[in-house]
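Here is the structure we will look at, set down as structure tokens.
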Amino acid sequence: MFDPEALERCFTVDILLDGLVLRTTYADALVPELLQQGLGGAHGFAVTLEPDVLRAASVLEARLANLGTPIGHPIDLENESALVDLRPTCKLRWLGGLHFEGWIDGEIAATLEAIVDGETVAQVRATAWTHIGDDADGQGSRNARAFDFHVPQRFADGRVHRIGLRKEDGEQIPATAVFVAFPDGLAGMIDAIGDHGAERLRGKLYDQLIPASLPLADYANWRDRFPLPEPQASRLQLAVVVAGTAGAQQTLSTLETQSHENWTAGVIDGQPLSVDSDALLEFLEDAASDAQHVVVTMAGMSLEQNALARIAAAFDAYPDAAAVYGDLDFLADDGRLWPLAFPAFDYERMLEQGYCAHLFAVRREALLVGLEARPDNLYRLFNCLMDHTDPRRANILHLPGALATLPKLNRVNAGSRLSAASQMHLRARGVGVEMIQQQGNLFPAVRIKRPIPRERVTVIIPTRDRLSLLRTCLDSIAPAVERCRADILIVDNDSVNPETIDYLADLPRRGIRTLRIEGPFNFARLNNQAAAMLDSDVLCLLNNDIEASSDDWLEEMLSRLAEPDVGAVGALLTWPGGVVQHGGVVLGMSFAATHAYTDNSAMIRVLSIRCSWRTNAVR
């Protein structure tokens, strides 16, 4: 829907069934055909209607909102020949810089060609999966083949380019995009053509919001071209402890090139990841008696030239920090350098992956207190700092940007050490747990199962009709609910279908309570009103379109909730086809809230992408 005399305008559209407005939408979606004709292109609209609603109607129409002007011709729903699938068959999206992603319909992995300004520049393999649409009943949604690629760096030239796709047989794909990328960021390009104060500020903001113009596979070059700011000079004396014999010489050689020169180092001989507490105490009392800050690293770690300088500057800038850790790089088998970007301190991840224990720095007094626990490996050395303090208030600081390159770990050996270390730490905190060693990738991995407190748990499920969804949901969660002796409360919001009403009336016979709440369907309002009438200790807020994929999901969430400082726990959700819907919500590109891990393989364990946060309002 567009006005050829005013292409900048976008219109609101009413969708009518048998003359009654059913849905209102906005015509601002990209239409490649219009774009190719020079008509702007962002004038399309699309809606998904429930099949049951369409089957009960005769005529479908679109009209200009408020004015009633017809858009196109009415569709005779009783004439099947008039019905065509107008859903898009592909999509191409620019992610910033030289990075693109998209999808194409098809069961078989497709090979596509990326065309920039008429030139073939890359081959694209659509081998992954993504989920298109979000209809609860699956009628308006499907899985599609997904792809992700970068175009060559020569297109990071500050010019506007147009990119499209075509199949190997030459068939053009109706998906295009326009992009612009800069070799050294927009701010750098503005500097190159002359210092324009206001424009440079605008360029810096652009560079923050749009990723730099290099693909992740070229990370090594990216590091060189976009170096971290130089840290403030510090006079702190650092003691550096290298744990382990194998690889110690490699670590010592990178210490010799440090920009921060005020340090004393010692090697604690032993097996990889092991620590001799007596030898460590002797080193601190003799060779490093005047150092108030201690850097601990596993042997084989290759420190960046400014690693010690950054650590010292961090302690200067954050005098309350008890410990500091930073990001790492690792070398793949093909010789490429890849980044490991860690989060702010994550206690659960520390227990189950030990991710921050391979290189960290700690204040001397805190380390001496921790050494009273006689730790015998790096994982225990790190977590003993929290044996007698609230782990989430331990003032552990994360430094963004790689401090070192990680050597390869023997994950079996590391896993057994991590398991023992986490169990000893939790025992010191008075928490009895079951430890299950898992198969990690770069790092070791263990699964921790805490005992579930004896608390009343109620699963709240708001619903309105859609009986098939509700029935599937209740049947699938029944084993988990029974194992946890939980209750179920169905919140019925104005269901009118006779079959649904009969089903709800029969639920009390199965021990399932119901609560009827009238008014517009609002998930938050329904849950709030249900919660207000319950005296349960724990509430599980569940959609009626959820189908459990295991019988221990509720136990797992309650186990995570057993930590006294955890107020809410979320779970990994997948689409019916097995593609990840989300594993929590994070701040994504342009600082927008977005689903984490979308479109990844569902084989990722729920434990590894669990979302939990602190709050006092839920529990």
Side-chain angles (χ1 to χ4, degrees), residues 97-99 101 109 111 122-129 146-153 211-212 214-227 242-255 257 271-274 297-305 307 325-343 349 352-359 377-379 400-419 437-446 580 597 599-605 607-609:
L98 302 171
H99 194 187
E101 71 173 11
T111 300
Q123 276 206 331
V124 180
R125 291 280 293 166
T127 56
W129 289 100
F147 53 82
D148 183 293
F149 68 98
H150 291 78
V151 297
Q153 293 181 34
L214 286 174
L216 193 61
D218 204 13
Y219 168 68
N221 287 337
W222 180 89
R223 286 199 339 161
D224 294 339
R225 296 172 66 176
F226 301 96
V242 181
T245 305
Q249 193 56 48
Q250 168 65 28
T251 302
L252 290 175
S253 66
T254 61
L255 281 173
T257 61
Q271 296 298 314
L273 300 171
S274 66
T297 177
M298 66 175 293
M301 196 77 75
S302 298
L303 301 180
E304 293 296 319
Q305 190 173 7
Y325 69 96
D327 297 334
L328 299 173
D329 292 337
F330 75 95
L331 274 174
D333 292 337
D334 61 2
R336 285 188 179 182
L337 197 66
W338 294 88
L340 292 168
F342 297 136
R349 184 171 181 177
E352 296 192 328
Q353 196 180 60
Y355 75 102
C356 47
H358 305 96
L359 170 61
N377 66 66
L378 285 182
Y379 303 118
L403 290 176
T405 299
L406 179 76
K408 283 189 176 181
L409 292 172
N410 181 327
R411 294 191 298 276
V412 175
N413 172 62
S416 63
R417 292 178 181 271
L418 174 62
S419 178
Q437 195 163 331
Q438 306 284 297
Q439 179 64 46
N441 291 321
L442 287 170
F443 292 110
V446 297
V580 172
Y597 306 99
D599 296 344
N600 278 274
S601 165
M603 294 177 64
I604 300 175
R605 281 194 54 77
L607 296 181
S608 65
I609 59 176

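Worth saying up front: this structure is predicted, and the values here are computed from it rather than measured.
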Can you confirm whether [X] sits close enough to [Y] that some side-chain heavy atom of one is under 4.5 Å from a side-chain heavy atom of the other?
X	Y	value
His150	Asp218	no
Glu304	Leu403	no
Pro444	Tyr379	yes
Leu359	Leu303	yes

Interatomic distance, [X] atom [atom1] to [Y] atom [atom2] [nearest 0.5 angstrom]:
X	Y	atom1	atom2	value
Thr254	Gln305	OG1	CD	10.5 Å
Arg417	Leu409	CZ	CG	11.5 Å
Leu418	Phe443	CG	CZ	11.0 Å

Atom of [X], atom of [Y] and distance for their closest heavy-atom approach:
X	Y	result
Gln250	Ser302	NE2-OG, 2.7 Å
Leu337	Ala220	CB-CB, 4.4 Å
Gly440	Arg411	O-NE, 3.1 Å

If you count heavy atoms of other groups shown closer than 6.0 angstrom to CG of Asp224, is the number above 12?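 More than 12 within 6.0 Å, yes.
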Distance under 6.0 Å and angle within 45° of ring axis: Arg349 vs Tyr355: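 Here Arg349 passes the 6.0 Å and 45° test against Tyr355.
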Donor-acceptor pair between Gln437 and Ser416 side chains, under 3.5 angstrom: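 There is no such pair (donor and acceptor under 3.5 Å, judged by atom type) between the side chains of Gln437 and Ser416.
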Partner residues of Ala109 under the side chain to side chain contact (heavy atoms under 4.5 Å, CB included) criterion, sequence neighbours left out: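 Here the qualifying residues are Arg125, Thr127, Arg145.
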Could you tell me whether the side chain of Thr251 and the main chain of Ala299 form a donor-acceptor pair under 3.5 Å?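 Absent.
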In sequence, state the C-alpha distance, the side-chain angles, and the governing distance for Leu406 and Met301, and then conclude on side-chain contact (heavy atoms from CB on, under 4.5 Å). CA-CA 5 Å; Leu406 179 76; Met301 196 77 75; 3.8 Å; yes
For residues 326-335, which side-chain N or O atoms pair as donor and acceptor with protein atoms under 3.5 Å away, sequence neighbours left out?
| unit_1 | atom_1 | unit_2 | atom_2 | d |
| --- | --- | --- | --- | --- |
| Asp327 | OD1 | Phe342 | N | 2.9 |
| Asp327 | OD1 | His398 | NE2 | 2.6 |
| Asp327 | OD2 | Gly401 | N | 2.8 |
| Asp329 | OD1 | Tyr219 | OH | 2.7 |
| Asp329 | OD2 | Tyr219 | OH | 3.3 |
| Asp329 | OD2 | Arg223 | NH1 | 2.8 |
| Asp333 | OD1 | Lys408 | NZ | 2.5 |
| Asp334 | OD1 | Arg336 | N | 3.0 |

